[in-house]
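So the structure is just underneath, and the comments pick up after that.
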Protein chains: 2
Amino acid sequence: MRQKITLKEISRRFNVSISTVSKALKDSPEISEKTKEIIQAFAKEHHYKPNNIALSLKNQKTKNLGIILPEIVHYFFSSVITGIERLATEKGYNVIVCISNESFDKEVINMQMLANGSIDGFIMSLSMGTENKQDFHHIKEVINQGMPVVMIDRVTDQVECDKVIIDDFQGAYNAVTYLIESGRKNIALISMPDYMSVGNLRTQGYRKALEDNGIEVDDNLIVKVEDPYGGSEVIEDLLVNHTVDAVFGVTEFFAVSAMKIAQKMGKSAPEDISIIGFTDGIISISSSPSLTTVSQGGEEIGEKAADLLIKRLEDPDYENRPFVTEIIKSSLVKRESTL
Amino acid sequence: MRQKITLKEISRRFNVSISTVSKALKDSPEISEKTKEIIQAFAKEHHYKPNNIALSLKNQKTKNLGIILPEIVHYFFSSVITGIERLATEKGYNVIVCISNESFDKEVINMQMLANGSIDGFIMSLSMGTENKQDFHHIKEVINQGMPVVMIDRVTDQVECDKVIIDDFQGAYNAVTYLIESGRKNIALISMPDYMSVGNLRTQGYRKALEDNGIEVDDNLIVKVEDPYGGSEVIEDLLVNHTVDAVFGVTEFFAVSAMKIAQKMGKSAPEDISIIGFTDGIISISSSPSLTTVSQGGEEIGEKAADLLIKRLEDPDYENRPFVTEIIKSSLVKRESTL
DNA sequence: CTGAAAGCGCTTACAG
DNA sequence: CTGAAAGCGCTTACAG
C-alpha cells in the first residue's frame, strides 16, 4: 500500500486504457460488468481515490474556500471559522485559512496568493489596516476576475458583494437602553476608532439610545481604543476621573477590562457599576461576575457566509442574482454584571 | 481585466508558442530580450500569475499543509493555528484547516479527504474519540503513502512520526509543587479521562509532586471530567463535600469553573483557596482574580510543528532522518489566584 | 464494449 | 532564439 495509486497504474495492471479504468470506476454503463468488477475490486483494495488536484484542473474548480480573517485567537473569529468549516465540509468544500493579522499588506498578499487558482471563492473580514486605509482594490480585482466574495462583520460599502453582518447599531442600542432602564445615568462607552465599521455603528447605537431617552451624550465618557487588547490606561483614566455608573464596551475584552479596573478601585459590579460587553464568548462566561453581553452569533455568521458563497458557486440561478446583505440578529444575554 | 489570463492567451496574442511565453516570463536566457520585454510587459499589465493548481499537478506538490484539530474556538488550538499559519505563510505554504470536533469519524473523513492530493503533509492533534478508541489506522495509512505527519499536543506512541508536545508531566509537577510550597495541603485535581494523553500525564505530574513532598494522594480529591466545557456539578460536589485549600485544573476552563464555584460558596481566592490552571489563555487573564496557569505556548507549538513538517517536505537531508519529538517547555505564570 | 484524442494550465528536455 | 512534444492525473466526446 505504498504511494497513492493512479488510473495509469491500474490500466497497466490490466492492460486496458486509462479511459476504460476511469469509466469503470464511475460505474459507467459503457463498460462491461466483468471489467468493471475486476477494476473496482482492485481499486478498492488499493484504496484508489482520484487525485483532487487533477480534478480541480479538469473541472476548473477546486472545492476550496479561501478565508481571510484579521486574527483567529479570540472567540468571535474562531467561532466564525467553526461555522464556515462545518457548512463547507458538509457541502464537500475545504477551507483554507489565512490571517491578515490586522495588516493591509498581509491581507492583499493573502488574497493574491489564494486567487491564483487555489480557491473558488472568498469569505473575508477586513483588517484594521484596510479599514483605516480604505483601500479595497485587491478585493475589487478578485471580484472582477469573476471570483465571488462574501464579506463578514467588518465590511464596506465600497465593495459590491454578498455580506453577512450583525445588527451592530441595534445591538448597541438595546444594550444601552437596558442600562438606562435599570436606572443608570452616567454610561461610559469604550469603543474602537471610528474607521472601524463595527465600532462606528455600535457607537452610533450608543448615542441614539442616550438621545432617545433624553440623556445628553457626554463626550468625556467616550473613549476609543486602538489596540483591541489594550487600553487599560485610558479606561483607568476614564473611571478615576469621571462619575460612571455603567460601562458599555464594544468588545468583551474592553468590558472585562473595565470591570477589573473598577473592581481594583473598590467598586463592585453590578451594584456600583453595571457592565455590558459585545461578543458572547468565553471571557464573558468566565469573568466574575459573569458578563452581560450582546451575542454576536459567530458560528451563525460563518455558516450563513459559507452558505451564500457555495450557493453562488453552485446554483446557476444564483449567479446573476443581486448581492444580498444578511443581517444576523444579536441578542442581549443577561448575566451577573448588570441588574 | 476580466477573468484570469493564461499562457495560452498570451501566446495567441503575440503569435508565439506557449513554451516561449512560459520561458519569457521566467526570464529564461533562452529567449531574446525583445520577446521577453513585450511578453513580460503584457503579463504585468494583465496581472498574469501562474495557476496554482496547474503548478501543483506539474510539480507534484501543492504547497498546502493540512491541519486537523479537535476544535478551534478555544485559546490553545486557535493559538496553535496562528503559529502554524505564520510559519507556513512565511515559507510559501497555505493552511487548510479541518475540525474533527472531537470525533473519530470526522477525523478519519477529514484526513482521507485531504490526503487525495490536496496537501503535502499533515499537522494534527488527536480527537477525544480517537484517543478513546485507540484506533490510528487512518494516520498510519497516510504515512505509509509517503505523506509526512506531525502530531501535536495530543499524540500517541502507536504512530511513528514527528511530534511536538509540551512537558505536561513536568508542568503539572511544578504547579502542584508550587501549591505545596505555599503551604497548601488538600490539593484537588480536576482532570480529563485517563485515555486523554495530556490529562493522563498531567495527572501523573500531580501525583508525583504530592508523593515527592510526602503528601498522600487522596483519590477523593481527584475528579475526571469528560466534557471539556462541563463538569460544574462534579466540581461543586468536590468542593462542598471535601476540605480543599487548592485546586489544580488541567485546563483553564476547569480552573476558572472551580474558582467561580468556590466564590459562590463564599470562599475567596487566593486566601481560602489557591487555584492553578493549564493553558495560559484569555480566560486566565480575564477572570477575577486572574489565574495562575501553566503556559502552554500554543503558537510556539504551531510554529515548531510547521517548521518540522516543511523541513521534511523540502530538505532532502531530512527525508530519511529519524523522527523527532520536540518538547516545548511550559512555565508557571503566577497571577492573583495563588499567593 | 474499448480506446485514442483532446483538454484543463503549466514546465522543461529536446529539436530545429 | 523558438516551438513541438511529453507529461502531471483525470474526464469525456467521439471513433471504431
Side-chain angles (χ1 to χ4, degrees), chain A residues 3-40 42-43 46-64 113-120 145-147, chain B residues 3-40 42-43 46-64 113-120 145-147:
Chain A
Q3 284 295 76
K4 299 234 43 135
I5 194 172
T6 65
L7 291 187
K8 203 187 205 178
E9 279 146 24
I10 302 181
S11 74
R12 268 206 285 260
R13 170 76 175 68
F14 293 110
N15 267 310
V16 293
S17 74
I18 295 177
S19 342
T20 302
V21 177
S22 174
K23 288 173 194 162
L25 291 179
K26 304 190 92 92
D27 215 16
S28 157
E30 281 187 76
I31 307 294
S32 76
E33 283 305 323
K34 216 181 86 204
T35 311
K36 284 201 276 193
E37 257 169 45
I38 49 173
I39 290 181
Q40 286 174 7
F42 184 83
H46 289 262
H47 298 94
Y48 173 79
K49 289 276 167 49
N51 179 300
N52 288 153
I53 297 294
L55 288 179
S56 295
L57 189 58
K58 180 74 190 161
N59 300 332
Q60 297 288 80
K61 53 184 167 188
T62 62
K63 291 275 191 169
N64 287 155
M113 183 151 188
L114 293 183
N116 297 323
S118 299
I119 58 161
D120 297 337
Q145 289 171 0
M147 185 164 287
Chain B
Q3 284 295 73
K4 298 234 44 133
I5 195 171
T6 65
L7 291 187
K8 202 188 205 177
E9 281 147 23
I10 302 181
S11 73
R12 269 205 286 261
R13 170 76 176 68
F14 294 108
N15 267 310
V16 293
S17 74
I18 295 177
S19 341
T20 301
V21 178
S22 174
K23 289 173 194 162
L25 292 179
K26 303 188 94 88
D27 215 18
S28 157
E30 280 187 77
I31 307 295
S32 75
E33 283 305 323
K34 215 182 87 205
T35 312
K36 285 200 276 192
E37 257 169 46
I38 48 173
I39 290 182
Q40 286 173 6
F42 184 83
H46 289 262
H47 297 94
Y48 173 79
K49 289 278 166 50
N51 179 299
N52 287 154
I53 296 294
L55 288 179
S56 295
L57 189 59
K58 180 73 189 162
N59 300 333
Q60 297 290 80
K61 52 184 167 189
T62 62
K63 291 275 191 168
N64 287 155
M113 182 150 186
L114 293 183
N116 297 322
S118 300
I119 58 161
D120 297 337
Q145 288 172 1
M147 185 165 285

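Since the structure is predicted, the reported quantities are computational estimates derived from the model, not experimental observations. Chain naming here is simple, since letters A, B, ... match the order of the sequence lines and numbering starts at 1 in each.
For A/Y48 and D/dG9, the shortest distance from a side-chain N or O to OP1 or OP2 is not below 4.0 Å. At the phosphate of C/dC1, neither OP1 nor OP2 sits under 4.0 Å from any side-chain N or O atom of A/K34. Regarding contacts with the backbone of D/dG3, a side-chain N or O of B/S17 is found under 4.0 angstrom from either OP1 or OP2. Close to C/dG7, at under 4.0 Å from its OP1 or OP2, lies no side-chain N or O of A/Q60. At least one side-chain nitrogen or oxygen of A/K8 sits closer than 4.0 Å to the OP1 or OP2 atom of D/dC8. One finds a side-chain N or O of A/K26 lying less than 4.0 angstrom from the OP1 or OP2 phosphate oxygen of D/dT11. Residue B/S32 places at least one side-chain N or O under 4.0 Å from the OP1 or OP2 atom of D/dT2.
In this structure, the NZ atom of B/K63 is 18 Å from the P atom of C/dC10, given to the nearest Å. Put simply, CG on B/N15 is 12 Å from P on D/dA4, counting in whole angstrom units. The nearest whole Å value for the distance from the CZ atom in A/R12 to the P atom in C/dT2 is 20 Å. Taking atom CD1 of residue A/I39 and atom C1' of nucleotide C/dG3, one finds them 12 Å apart after rounding to whole Å. Rounded to whole Å, atom P of D/dT11 lies 15 Å from atom CD1 of B/I53. Residue A/N52 contributes atom CG, which lies 18 Å from atom P of D/dC8 at whole-angstrom precision. Atoms CD1 (A/I31) and P (D/dT12) sit 13 Å apart, rounded to a whole Å. Here D/dC10 presents its P atom at 13 Å from NZ of A/K58, a figure rounded to the nearest Å.
Residue A/L55 is in sugar-phosphate contact alone, with no base atom involved, counting any heavy-atom pair closer than 4.0 Å across all strands shown. Counting non-hydrogen atoms under 4.0 angstrom, B/T35 reaches the backbone sugars and phosphates but no base. Using a 4.0 Å heavy-atom cutoff across all strands shown, B/I18 reaches at least one base atom of the nucleic acid. Residue-level contact check: A/F14 touches neither bases nor backbone, having no heavy atom under 4.0 Å from any strand.
Contact of the B/T20 side chain with the B/F14 side chain is not registered, since no non-hydrogen atoms from C-beta on lie closer than 4.5 Å.
Looking at which nucleotide of DNA chain D each of B/S19 and B/E33 is closest to, the 5′-most match is held by B/E33. Each of A/E30 and A/S22 was assigned the nucleotide of DNA chain D with the nearest heavy atom; the assignment lying further toward the 5' end belongs to A/S22.
With rounding to the nearest 0.5 Å, the separation of OG1 in B/T6 from CZ in B/R12 is 7.0 Å. Rounding to the nearest 0.5 Å places CE of B/M113 at 11.0 Å from NZ of A/K49.
Across all strands shown, C/dA13 forms no Watson-Crick or G-U wobble pair with both key distances under 3.5 Å. Under the Watson-Crick or G-U wobble criterion, with both distances below 3.5 Å, D/dA4 has no partner in any strand shown.
Between the P atoms of D/dA4 and C/dA6, the separation comes to 15 Å (whole Å).
Salt-bridge annotation for A/K36 and A/E33: present, with a side-chain N of the basic residue lying under 4.0 Å from a carboxylate O of the acidic one.
B/L7 pairs with exactly one of B/S22, B/S17, B/S19 by the side chain to side chain contact (heavy atoms under 4.5 Å, CB included) rule, that one being B/S22. Each of B/I31, B/I38, B/V21 was evaluated against B/V16; a single residue qualifies, B/V21, per the side chain to side chain contact (heavy atoms under 4.5 Å, CB included) test.
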